[in-house]
Enquirer: 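Before I ask anything, here is the structure I am working with.
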Amino acid sequence: DIQMTQSPPSLSASVGDRVTITCRASQSIGNYLNWYQQTPGKAPKLLLYSASRLQSGVPSTFSGSGSETDFTLTINSLQLEDFATYFCQQSYGTPYTFGQGTKVEMK
Amino acid sequence: QLQLQESGSGLVKPAQTLSLTCAVSGGSISRGGFSWNWIRQPPGKGLEWIGNIDHDGGTSYSPSLGSRVTISLDKLRNQFSLKLNSVTATDTAVYFCARSSYFYSSRPYGQYWYFDLWGRGALVTVSS
């Protein structure tokens, strides 16, 4: 299985901050990388696919970059509704695997 | 607008079979170009992909769950189902059904799959 490792596991930030979350794959996965946002008690929500393509309806404050093994999710100007847990997921091959999550908390 | 809704038993005894159904509304499950997935999340933990089925009934399962898993499609009822045999306490989780779609790119070439629609999730507890 392809292992996905996110860092940091959690971070504290304030409204208006720029936040960066990284995701590393245990092998090269090209651009087969997706990002999701999850708030407590809810299902995950797709933010970006193919590493950098913004899902319809997702604010442009979210952006993604990277390829092969190293990827980054950036949130520019953090909003109240952005305090959540973020997961990366590889779709290079089955079994599809997720990172362990990064919780963005209010400072 | 397509929606997914999980249903099934919320409490299962150890060694028995967990059964869940995902009802799809607002669109046909028979339409090609999508896969229908089960994903679970133990309380306070991360996400684990269980497996999926496509519109033709082709399936793919996570090796970690081995032969315990069966996913099936019911085109008449526009739903798909999950059965997980011989459950233990470690199978306690919120179970999500999700649709996967793909983006086709010629540069770089590939079909980029992602989970774009999710059900709300169903908590299943394994306990005697």
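As a basis for the values below, the full set of heavy atoms in this structure was taken, side chains included, without hydrogen atoms, waters or symmetry mates. So that the names make sense, note that chain A is the first sequence line, chain B the second, and so on, each numbered from 1.
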Enquirer: Would a 4.5 Å heavy-atom cut-off, applied to side chains only, mark B:R120 and A:K42 as touching?
Expert: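 Result no, sub-4.5 Å side-chain heavy-atom pair not found.
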Enquirer: If you draw a 6.0 Å radius around OH in B:Y109, do more than 12 non-hydrogen atoms from other residues or ligands fall strictly inside?
Expert: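 Counting other residues, nucleotides and ligands, OH of B:Y109 stays at 12 neighbours or fewer.
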Enquirer: Does the side chain of B:E48 come within less than 4.5 Å of A:F98's, by heavy atoms?
Expert: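 Side-chain contact under 4.5 Å: no.
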Enquirer: Is it possible for you to say whether B:F103 and A:L46 belong to one hydrophobic cluster, with membership spreading through side-chain heavy-atom contacts below 4.5 Å?
Expert: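 Hydrophobic grouping puts B:F103 with A:L46.
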Enquirer: For B:S62, is it the side chain, the backbone, both, or neither that has a heavy atom closer than 4.5 Å to a heavy atom of chain A?
Expert: both
Enquirer: State plainly whether one hydrophobic cluster holds both B:Y102 and A:V58, where clusters connect Ile, Leu, Val, Met, Phe, Trp and Tyr through side-chain heavy atoms under 4.5 angstrom apart.
Expert: yes
Enquirer: Is B:L117 reachable from A:Y49 through a run of I, L, V, M, F, W or Y residues, each pair having side-chain heavy atoms under 4.5 Å apart?
Expert: no
Enquirer: Hey, does B:L47 have a side-chain heavy atom less than 4.5 Å from the side chain of A:Q89?
Expert: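 Not in contact.
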Enquirer: State plainly whether one hydrophobic cluster holds both B:V12 and B:L84, where clusters connect Ile, Leu, Val, Met, Phe, Trp and Tyr through side-chain heavy atoms under 4.5 angstrom apart.
Expert: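 Yes; tracing contacts between hydrophobic side chains, which count when under 4.5 Å, links both residues.
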Enquirer: With rounding to the nearest 0.5 angstrom, report the CH2 to OG1 distance, B:W49 to A:T94.
Expert: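 It comes to 5.0 Å.
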Enquirer: Shorter than 4.5 Å, heavy atoms on both sides: which option in A:S56, A:G101, A:P44 has the most such pairs with chain B?
Expert: A:P44
Enquirer: Are A:F87 and B:Q41 packed together at the side-chain level, in the sense that at least one heavy-atom pair is separated by less than 4.5 angstrom?
Expert: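 In contact.
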Enquirer: So does B:W113 get a backbone contact from the side chain of A:N34, meaning a donor-acceptor N/O pair under 3.5 Å?
Expert: yes
Enquirer: If you count heavy atoms of other groups shown closer than 6.0 angstrom to NZ of A:K103, is the number above 12?
Expert: no
Enquirer: So does B:F115 get a backbone contact from the side chain of A:Y36, meaning a donor-acceptor N/O pair under 3.5 Å?
Expert: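 Confirmed, A:Y36 side chain pairs with B:F115 backbone.
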Enquirer: Given a strict heavy-atom distance threshold of 4.5 Å, which part of A:S50 is in contact with chain B: side chain, backbone, both, or neither?
Expert: both
Enquirer: Hey, could you give me the CD/CZ distance between A:Q38 and B:F96, rounded to the nearest 0.5 Å?
Expert: 5.0 Å
Enquirer: Is there a path of hydrophobic side-chain contacts, each under 4.5 Å between heavy atoms of I/L/V/M/F/W/Y residues, joining B:I50 to B:I29?
Expert: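 Yes, it is one cluster - the side chains of B:I29 and B:I50 are joined through contacts under 4.5 Å.
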Enquirer: Under 4.5 Å from any heavy atom of chain A, what part of B:Y114 do you find: side chain, backbone, both or neither?
Expert: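 The answer is both parts of B:Y114.
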Enquirer: Of the backbone (N, CA, C, O) and the side chain (C-beta and beyond), which part of A:Y96 lies under 4.5 Å from a heavy atom of chain B, both, or neither?
Expert: both
